[in-house]
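Below, each value reflects all heavy atoms present in this structure, side chains not excepted, and no hydrogens, waters or symmetry copies.
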Amino acid sequence: MPEFAPLKNDLILRAARGEKVERPPIWIMRQAGRYLPEYHEAKGNRDFFETCRDAEIASEITIQPVNHFDGLIDAAIIFSDILVIPQAMGFEIEMLEGKGPVFVAPLRSPDDLARVNFQPDVLKSLDWAFKSITLTRTKLNGRVPLLGFVGAPWTLLVYMTEGQGSKMFRFVKEWIYKYTEESHKLLQAITDACVEFLAQQVVAGAQMLQVFESWAGELGPREFDEFSLPYLRQIAEKLPKRLVELGVTEKIPLTVFAKGAWYALDDLCESGYDTVSLDWLYKPEDAVKVVNNRRITLQGNLDPGIMYGSDEVISQKVEEMIKGFGGGKQNYIINFGHGTHPFMKPEKIEHFLKECHKYGSQ
């Protein structure tokens, strides 16, 4: 593993381990990206995936919010995308203006599985991602920890079958209900690739990891128990073992974010993750009751749309949230309940961050 500068701010790592902290740490999903004017300057005319694969540019974009909100953010998250695993498995994806990521040839029947690489060489095919992490960690010089991430298996199956974001989820539902055995075979292959990708991110320099189950809410409780939860558990169980094989002995905090799966919080607390990230569908007080003194850190869960409100409303909502999570001095990481929007004003987010420091320090 490369040598890196000592960490000057380890607040988020301590909070994820359940230690008492002086204030709750803060980072924001999609904190690096389109709402910042400097992002557009750095990206230039490159397309999205080209930007991700350029280690120099990706590292610059990753660090932009740490610089922009100097002293207000407690972690950087590598600028990348959840769809890199499907790319490694042989899918071609285009990022189309106004539509987002679109798969050139999504899976429509089990016959299409013949063109899927079920055992991708993650280290080789995603080497650019590891270079980006190493360069970014070096540039951060210990200012804040660097987070790596991966898309969760069910969410990636959605994209592989739907071909893009969906409102009806017709094709993925056809897969799980009509081609159930093949769906599980594919989910297992995705899971194995996810474990290796996360492990290699740590070797490259990632200090904390998050698993994004962005489409969890499209499954009912029983379906979540069959098509999502077992694979999330596998990641949490297999990753530490793989890290030991790779020579990593320190405990790497692991977060799961299952958006919309409000019914699964109790199960997620037993799934092997250090931190469970919540969307805004939870009342913080209720989530704390579900955790019930288990060794779990909660993360979240402000509705990012509150950034369109007045400064007074933002302040009020921040205070309510932090109080709802018990004041934030233990087992809590501040975040949005999902990612930033490209239309948000950086000055509103700065106000949000300052208010988090204010109320989190009380």
Measure from the ring center of Phe224 to the ring center of Trp154 and say whether it is less than 6.0 Å.
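Not close enough - the centres of the two rings lie 6.0 Å or further apart.
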Centres of the Phe130 and Phe197 rings: under 6.0 Å?
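That pair passes the under 6.0 Å test.
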Are [X] and [Y] within salt-bridge range, i.e. N to O under 4.0 Å?
X: Glu237; Y: Arg233; answer: no
X: Glu196; Y: Arg242; answer: yes
X: Arg17; Y: Glu19; answer: yes
X: Lys238; Y: Asp192; answer: yes
X: Lys131; Y: Asp54; answer: no
X: Glu270; Y: Arg294; answer: yes
X: Asp303; Y: Lys317; answer: no
X: Lys185; Y: Glu181; answer: no
X: Asp74; Y: Arg23; answer: yes
X: Asp112; Y: Arg108; answer: no
X: Glu22; Y: Arg14; answer: yes

Shared hydrophobic cluster for Val102 and Leu107 (ILVMFWY, side-chain gaps under 4.5 Å)
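Different clusters.
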Geometric class of the His184/Phe227 ring pair [parallel <30°, tilted 30-60°, perpendicular >60°]
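Because their plane-to-plane angle is under 30°, the rings of Phe227 and His184 count as parallel.
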Side chain to side chain donor-acceptor pair (under 3.5 Å) evaluation trace for Ser59 with Lys139
CA-CA 8 Å; Ser59 66; Lys139 283 185 181 181; 2.8 Å; yes
Against Met307, only a single residue in Phe336, Tyr35, Phe343 fulfils side chain to side chain contact (heavy atoms under 4.5 Å, CB included); can you say which?
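Checked Phe336, Tyr35, Phe343 against Met307; only one passes side chain to side chain contact (heavy atoms under 4.5 Å, CB included): Phe336.
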Can you tell which of Phe49, Phe48, Phe149 makes a ring pair (Phe, Tyr, Trp, His ring centres under 6.0 Å) with Phe79?
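Between Phe79 and the candidates, ring pair (Phe, Tyr, Trp, His ring centres under 6.0 Å) is satisfied uniquely by Phe48.
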Looking at every heavy atom in both Tyr39 and Gly33, which two are closest together, and how far apart are they?
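So the minimum-distance heavy-atom pair works out to CB-O, 3.1 Å.
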Is the count of non-hydrogen atoms from other residues, nucleotides or ligands lying under 6.0 Å from Trp262 atom CH2 greater than 12?
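Result for CH2/Trp262: open.
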Verify the distance criterion only: is there a donor paired with an acceptor across the side chains of Gln299 and Thr275 at less than 3.5 Å?
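There is no such pair between these side chains.
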Test side chain to side chain donor-acceptor pair (under 3.5 Å) applied to Ser228 and Glu213, step by step
CA-CA 8 Å; Ser228 174; Glu213 189 69 288; 2.7 Å; yes
